[in-house]
Amino acid sequence: MNNLRKITIILLLACLSFPLFAQIEELKVYNLKSRIQAMENATYRILYYNGQQICTYGDKPVFPMPKMQDMAIIPSAASIAVIDKKGKVFIYSCDKQSTLLHKIKDKRKVNKQKPVAQKVIYGDDARNMIIATNLGELVVYDTRNYSQKFILQGESPAEFIRMSPDNYFIAAARGNIVDIWNFETQGLRTQLNCEGKVKHLSFSKDGSMMASVHDNNAVIVWNTRTWEPAYTYESEVTVDLSAFNQDDKYISFVEGGDSIIILNLRNKKVTQTIPGNQGVVALNFFGNDYQQKYHLLSNRTKALVYWDAKGLNPNYGKLINQDVDQQMNEWVKMMQGESMEEYRIRVNDETRARQQELFSMEAATRLVGDRIAIDNPFTKEYSSATGMLGIGFESMPDIEIPVKQDELGAFSDPSNYSFSNAKYVLNDMDEFEIAYVEVLNEVTGKVYVYDNLGRLKMTAIVEDEFFVPLEIMQQVSEEGIKLQDLSQEIVEENKEEKLITDNTQINVSTEVIPGVDTDGNKILNYKIGYQYEVINRNFSANEDFPSGGYDISKSNAVMSLMRIIKQSFEEGDFAKYLSEGKRVKVKITGSADGSPIRGRIAYNGQYGDFVNEPYYNNGELDNINVTKASGITENQQLALLRAAGVKDYIENSISTLQSTRNEYDFYVEVSTEKGGEYRKINVEFTILDTF
């Protein structure tokens, strides 16, 4: 499925499901026998501490721990790190009761005071574990083998630590100071000096914001680009904990010790207050875009509580941005048969701005649907001085239409008038406004026009500084055309050699994505996508993987794709962007169909063993095991090995990627349908800070 189609589906789902007044609802309560003193979760894997042992649902013990200082579950849900009363760190399995996987040993020779662990966290991608010690250190470990990577030396012991989801920063709170460490350079990015002592820290899901909760009853939301406060919520009672929802439009926290607050960060208003939650020690939003399920997890003194968070209105600005970006990337491409002169007339800075605004308004109008029909319009005041009649709405700003005074009587009853041809924009509070609408008075048959086009701007969409320069978009478009030509040339050669047929379809794409670096500077990232599929199941066994196959060298379709990648990176336009040390993110998606695996498929270990390997299963971070000894018994394992084969090829066969810093993520998609056409590979390279 291409990106534009995915965005369209997301927009449609949001359009069909959003309520006018967003709320979360209690979904499920699990009552427990003992009091919850600490709780951690990785999506639906929940572990809590009751003072004597770590437990899961139904008070089922995972392992005993009479006294504990801190704990953290790895986001892939494979294990949990625990600091005991002596400051020692143990890694226990989440799947096997009382199974110790690792004991963290500090092998340094310490001349003076011995480092003792006090706090532990994991990075969101499950690749790093950070321990804060009594010596003011932040010790970073690689979770593959729990080897020590590096140490950051602070001025005093951290009382609370968090890592940003983009791996840019480690935030360490000590008293009223928060040290912000640059994870990449291992230097201190900045220090935040606050009025109240820091009780809790949390990052937004996209890493653009950080919330700090203080003992002076304040919640501060920081812009992580500038590290300046973006918003401060001041309460008259105590506040504690914090969590951003899945699209970062809302933040939750506990107020007064028992009320969960849901705050809309776009309009700075409290959306919901949920009382009766005594004993809350943890809050966490999580969800899955694939399944359209979104939850808030919390607790009460002796209960786990699931909340349905799907009722919260989505971050419309983000949805519209994605839609518009995809459409602009297509619009900027030269059309078939278009001359260079025609192209320059059609695509320039002036037409680009107009087109972006048009796409934005179209996306907003699609997303909002028939909002007027469900928003209960009503007649408001009439100004005889201006001749304008006000019409109000429950959840949108009022509009005014020109009405003569002797025509007012026909507007006394809202059922007398109807609306058509409405166009909408989104304001900076992520709320819809009517930009244009025609109002028909059904008594007189006269049409009145509200026209604010050109005056209302899509202030919620994109700041000017994040516009991608047109010349860069055009350059990327031209390189995309060359990539398509190369792809077609290789495909035709492989057809002549009877390796593949027209049933193997290969798609390539180029896109520039704006972002920021760790210093808050704007950067432009280059995303290059390669994807194939065999559309006819009768040809899949000959051109692609046979049923149960994972060796990419035996798939002509995959090797055709690999040849395109190799040639485009070694001889094509992309080679010039791959300087030594350049960061490249590689997302490899392996797929499998729904055919059940009966018994066990042998795995010869050619891509190595995978033990508690983090991967994304239908968009959700999980862990997986595939070894030569275990073989393959599940389709997820089969799909992962197909992705691993691509990584192996990239690492060993593409020379220009030998000196870059490559970060690999495995994604797995398993279809519920059966058939070879559901076995495919998708590879996305994102070259950071390219232009």
Side-chain angles (χ1 to χ4, degrees), residues 69-72 81 83 87 89 104 106 108 110 112-125 127-142 148-216 218-232 239-244 251 253 516-521:
Q69 291 192 61
D70 199 18
M71 68 181 195
I83 303 177
V89 184
I104 305 302
D106 195 324
R108 293 174 293 162
V110 182
K112 298 181 181 179
Q113 190 177 359
K114 183 180 179 180
V116 177
Q118 295 180 328
K119 291 289 179 181
V120 59
I121 61 165
Y122 283 98
D124 277 20
D125 62 0
R127 304 292 187 190
N128 300 286
M129 182 182 75
I130 301 100
I131 291 174
T133 75
N134 62 323
L135 303 182
E137 303 168 325
L138 299 176
V139 187
V140 180
Y141 292 85
D142 185 333
Q148 196 176 104
K149 295 173 73 172
F150 57 85
I151 298 173
L152 305 174
Q153 182 60 60
E155 297 177 22
S156 58
E159 297 160 331
F160 203 94
I161 52 176
R162 278 289 183 267
M163 188 172 188
S164 63
D166 51 18
N167 290 344
Y168 274 13
F169 307 109
I170 300 175
R174 46 189 184 87
N176 66 333
I177 296 174
V178 183
D179 294 324
I180 305 297
W181 294 92
N182 184 319
F183 185 77
E184 184 176 354
T185 66
Q186 301 171 32
L188 191 64
R189 168 71 167 85
T190 189
Q191 282 185 336
L192 310 178
N193 292 281
C194 312
E195 291 185 5
K197 180 181 178 180
V198 180
K199 301 167 67 176
H200 191 271
L201 297 170
S202 64
F203 279 94
S204 63
K205 300 298 189 287
D206 66 0
S208 66
M209 296 177 283
M210 185 189 77
S212 57
V213 183
H214 303 266
D215 66 358
N216 64 345
V219 179
I220 304 175
V221 178
W222 304 83
N223 179 336
T224 61
R225 186 183 181 193
T226 62
W227 289 108
E228 294 293 330
Y231 172 69
T232 300
V239 288
D240 202 359
L241 306 174
S242 62
F244 291 85
I251 187 172
F253 50 89
V516 295
D517 62 15
T518 55
D519 291 323
N521 301 314

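On a predicted model such as this, the values are computed, not experimentally measured, just so you know.
- Of the possible polar contacts, none joining the N223 side chain to the A230 backbone as a donor-acceptor pair under 3.5 Å is found.
- Residue Y122 comes nearest to A72 through the heavy atom pair CE1-O, 3.3 Å, listed as atom of the first residue, atom of the second, then distance.
- Of the candidates L138, V89, I151, V140, V89 is the only one forming a side chain to side chain contact (heavy atoms under 4.5 Å, CB included) with I131.
- Once rounded to the nearest 0.5 Å, the distance linking OG of S242 with NZ of K199 reads 11.0 Å.
- How far CD1 of I130 is from CZ of F183: 6.0 Å, rounded to the nearest 0.5 Å.
- Of all heavy-atom pairs between M163 and I121, the closest is N-CD1, 3.5 Å.
- For the pair K114 and L135, the minimum side-chain heavy-atom distance is 4.5 Å or more.
- With sequence neighbours left out, the side-chain contact (heavy atoms from CB on, under 4.5 Å) criterion links T518 to Y168, F169, N182.
- Using a 4.5 Å heavy-atom cutoff, the side chains of M210 and L192 are in contact.
- Listed by first then second residue, pairs satisfying salt bridge (Lys or Arg N to Asp or Glu O under 4.0 Å) with a partner in residues 170-181 read E155-R174, R174-D179, not counting sequence neighbours.
- Identified under the salt bridge (Lys or Arg N to Asp or Glu O under 4.0 Å) test for residues 204-213, with sequence neighbours left out: D206-K318.
- Residues satisfying the salt bridge (Lys or Arg N to Asp or Glu O under 4.0 Å) test with D517, not counting sequence neighbours, are none.
- Taking H214 as the reference, nothing meets the ring pair (Phe, Tyr, Trp, His ring centres under 6.0 Å) condition, with sequence neighbours excluded.
- Sorted by first then second residue, the salt bridge (Lys or Arg N to Asp or Glu O under 4.0 Å) pairs that include residues 133-142, not counting sequence neighbours, are R108-E137.
- Heavy-atom minimum distance, A243 versus S202: N-OG, 4.1 Å.
- Atom CD of Q148 is separated from atom OH of Y141 by 4.5 Å, given to the nearest 0.5 angstrom.
- The environment of E195 atom CD is sparse: at most 12 non-hydrogen atoms of other residues, nucleotides or ligands sit within 6.0 angstrom.
- Under a 3.5 Å cut-off, the side chain of T224 and the backbone N or O of S208 do form a donor-acceptor pair.
- Across all their heavy atoms, I220 and P229 have their closest contact at CG2-CB, 4.0 Å.
- The CZ atom of F253 sits 11.0 Å away from the CZ atom of F244 when rounded to the nearest 0.5 Å.
- K119 NZ to I83 CD1: the interatomic distance, rounded to the nearest 0.5 Å, is 8.0 Å.
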Evaluate side-chain contact (heavy atoms from CB on, under 4.5 Å) for M129 paired with V139, printing each intermediate quantity in order. CA-CA 8 Å; M129 182 182 75; V139 187; over 6 Å; no

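- Listed here is the closest heavy atom pair of K149 and N128: NZ-OD1, 2.6 Å.
- Contact record, P157 with Q118: CB-OE1, 3.7 Å, taken as the closest heavy-atom pair.
- Within the model, atoms NE2 of H200 and CZ of R162 stand 5.0 Å from one another, a figure rounded to the nearest 0.5 Å.
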